Each structure stands twice: as C-alpha cells, then as structure tokens.
Amino acid sequence: GENVEQHPSTLSVQEGDSAVIKCTYSDSASNYFPWYKQELGKGPQLIIDIRSNVGEKKDQRIAVTLNKTAKHFSLHITETQPEDSAVYFCAASIGGNTPLVFGKGTRLSVIA
Amino acid sequence: EAGVAQSPRYKIIEKRQSVAFWCNPISGHATLYWYQQILGQGPKLLIQFQNNGVVDDSQLPKDRFSAERLKGVDSTLKIQPAKLEDSAVYLCASSLKIYRFNYGYTFGSGTRLTVV
C-alpha cells in the first residue's frame, strides 16, 4: 500500500521567513495530495490540496508543488506569522474509495 | 455548515475496560472514517464507511475494536477490552463523494483516550 514520508519532523523559523515541508510517496498511482494543519486540541484542518494534473497551486501565503516523476510534493509558507505555528500533515490517495494515508507530521514553530 | 461532532472529548479508563466513541458527520457526507492518532504520529485509518457499509477495515484490530454506522449517518467506535497501547486520539472524519472521488475530508476535534 501507499507509504508517505514527511520531513522535517520539527521546523523553527523566524517570523516573516519562509517554511518548506517536504513529502515523498511510494505509490505512483496516487493522484490527490492534501495538506492539513492541526492546532493543539483540534482535529486536522485542510489548508490546501493538489491533484496530479497540476504542478503547483497557490492560496495567498501557502503554495504546494508536486513532482510526479520524483514522487514528492512540498508545502511552502511565505511571510510566516506566529499563528502559523502548528503541526502540518501531508497525505496522499489514489482516489476512488481509497482513504488518505498521512505522513508523520511536521511541528512548525514561528518565532516572533 | 456544522462540522463533524465527536463525543466525549476526553476519556480515561483502566486497561481491560470498554469504551465507546460517537461521531456525527457533516450532513450529506456519505463517507465516514475513523482514524487513530498516537502522540507524535500522523492519523492512521481504522475503518472507512460508505453510507452504512464498510469499505475498508483492514487495519482495525477486530479482536478488540468494533464500529458501526447506523442508517448511514452517526457512527460508534468501541474498544473492548482496552489495552495501554490504545491510548491515542480517535478522530472521525467525513467526506463528500463526487463521482468516484472523496473530496475534502473534514475532521472532528477527536476523543483523547488514556488507558491506565
């Protein structure tokens, strides 16, 4: 089955700097790649997703890139703010009825 | 729209006791998932329902875990008897199925289970 690896496990950045989190997946049939943000005591919240027919997607300060050949995708957060501090998870799915497989998460700390 | 509702928020039980968690998905979402999230790890799927039928329960420890989704809406996850390693957050999620694809999982806040 699908296996998703996520790096780094922890990331500290200064406020205003950029943060990049990277994930690799094993199943070349995967075609849906969402990113979730989880704050303390809450469930994961979808922040952005990308499908395999698209190489990059942006939403304000957040962007995701996908390299299907290399089987990796990345989350980019620009102009980080303290409220971006949370645990971020990548996930992958081959679609249909196949559920999402999650990475182990990245704890992002934005230092003011 | 209302989110995914879960209860209770917290539960502390002794090993070998039983416990049940409840989930009410977003109205109209046909697909419902139970994920287990152990501290410091990503969510791991336990079971997936499509309406009131089981789609995937391959990772559910069936000797102690059971789940049902009555009338294709609410769902209950039960553990009996609980073990120390069951301490985790149990997350319920639902998604809208369009054509053959499940879009935009929405998660509840989870139930934090501590087994002592």
Side-chain angles (χ1 to χ4, degrees), chain A residues 1-10 21-27 29-54 57 59 64 75 86-108, chain B residues 3-10 21 23-26 29-51 53-60 67 88-112:
Chain A
E2 176 65 278
N3 182 51
V4 177
E5 299 284 340
Q6 182 171 348
H7 300 280
S9 57
T10 61
I21 303 170
K22 299 181 179 182
C23 289
T24 60
Y25 60 97
S26 61
D27 193 334
S30 288
N31 57 19
Y32 176 57
F33 308 93
W35 286 87
Y36 285 82
K37 175 183 181 182
Q38 187 173 30
E39 297 175 319
L40 197 61
K42 296 184 179 180
Q45 181 181 15
L46 178 69
I47 56 172
I48 195 168
D49 58 11
I50 192 168
R51 301 192 186 280
S52 59
N53 58 343
V54 175
K57 183 177 178 180
D59 183 3
V64 57
L75 177 71
V87 179
Y88 290 82
F89 292 98
C90 61
S93 170
I94 64 172
N97 269 330
T98 306
L100 289 175
V101 175
F102 286 82
K104 289 189 174 181
T106 297
R107 181 173 297 279
L108 174 65
Chain B
V4 175
Q6 288 190 249
S7 67
R9 286 298 313 274
Y10 307 93
F21 313 127
C23 172
N24 180 245
I26 290 176
H29 280 196
T31 312
L32 184 148
Y33 314 82
W34 284 101
Y35 278 84
Q36 180 192 58
Q37 186 176 23
I38 292 173
L39 188 64
Q41 298 185 21
K44 171 190 159 189
L45 181 76
L46 291 174
I47 189 167
Q48 176 184 348
F49 291 94
Q50 180 75 29
N51 297 309
V54 175
V55 174
D56 185 347
D57 64 355
S58 58
Q59 298 183 78
L60 187 74
V89 175
Y90 290 84
L91 294 164
C92 178
S94 67
S95 66
L96 188 63
K97 188 159 187 175
I98 300 176
Y99 301 114
R100 299 179 297 110
F101 203 90
N102 287 297
Y103 285 84
Y105 289 36
T106 301
F107 283 87
S109 294
T111 296
R112 181 176 296 278

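Protein chains get the first letters and strands the later ones, always in sequence-line order, with residue 1 at the start of each. All figures in this text were calculated on a predicted structure; none of them were measured in a lab.
From A/Leu100, atom CG reaches atom OH of B/Tyr33 across 6.5 Å, with rounding to the nearest 0.5 Å. Going from atom CD of B/Gln48 over to atom OG1 of A/Thr98 covers 8.0 Å, rounded to the nearest 0.5 Å.
With a threshold of 4.5 angstrom between heavy atoms, B/Gln6 does not approach chain A through any atom at all.
A heavy-atom distance below 4.5 Å is found between the side chains of B/Tyr35 and A/Pro99.
The ring-ring contact (aromatic ring centres under 6.0 Å, His included) test applied to A/Trp35 returns A/Phe73, not counting sequence neighbours. Under the ring-ring contact (aromatic ring centres under 6.0 Å, His included) criterion, B/Phe21 pairs with B/Tyr90, sequence neighbours left out.
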Practice prompt. Assess whether ring-ring contact (aromatic ring centres under 6.0 Å, His included) is satisfied between A/Tyr36 and B/Tyr105, documenting all intermediate values.
Written response: CA-CA 10 Å; A/Tyr36 285 82; B/Tyr105 289 36; 7.1 Å; no
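For the set B/Gln37, B/Lys44, B/Arg112, the entry with the most heavy-atom pairs within less than 4.5 Å of chain A is B/Gln37. Among A/Gln6, A/Gln38, A/Gln45, the residue with the largest count of heavy-atom pairs under 4.5 Å with chain B is A/Gln38.
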